[in-house]
Amino acid sequence: MRKDQSLPQQRIIGRPFCEICRSQMWLACIEPDAPNHDKRTFECPVCPNITVKIVKYRSESAPRRIDVKYA
């Protein structure tokens, strides 16, 4: 990547706690699911527990409309 290029703003992905041992899980995989949804697979670093969550992400917003009033 060139110096003048910038990355888009990234959102923090919440990491759930393991339902078995209560350790914070690691994000292992993100796959596309339904439109505007991701399937996220989390793995526990302590025990063999795996959790899969379907997450809706924010899609590109519609163009904003600007009202102009003429005098």
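Keep in mind the model is a prediction, meaning the values are calculated, not measured.
Here the SG-CD1 distance, from C44 to I50, works out to 10.0 Å after rounding to the nearest 0.5 Å. Taking OG1 of T51 as the start and CG of L27 as the end, the distance is 11.5 Å to the nearest 0.5 Å. To the nearest 0.5 Å, the span separating CD1 on I30 from OG1 on T41 amounts to 9.0 Å. Here F42 contributes atom CZ and C29 contributes atom SG; the two are 10.5 Å apart, rounded to the nearest 0.5 Å.
Pairs passing the salt bridge (charged side-chain N to carboxylate O under 4.0 Å, His left out) check and including a residue from residues 20-32, sequence neighbours excluded, read E31-K39. Within the structure, salt bridge (charged side-chain N to carboxylate O under 4.0 Å, His left out) contacts touching residues 40-55 (residues at least two apart or in different chains) are D38-R40.
Side-chain contact between R15 and W26 is present, with heavy atoms from C-beta onward closer than 4.5 Å.
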Pair C18-C47, side chain to side chain contact (heavy atoms under 4.5 Å, CB included): steps then yes or no:
CA-CA 9 Å; C18 178; C47 72; 3.5 Å; yes

Using the side chain to side chain contact (heavy atoms under 4.5 Å, CB included) rule, take H37 and K56 through it: C-alpha gap first, then chi angles, then the decisive distance, then the call.
CA-CA 4 Å; H37 288 76; K56 181 175 179 167; 3.6 Å; yes

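For D33, there are no salt bridge (charged side-chain N to carboxylate O under 4.0 Å, His left out) partners, not counting sequence neighbours.
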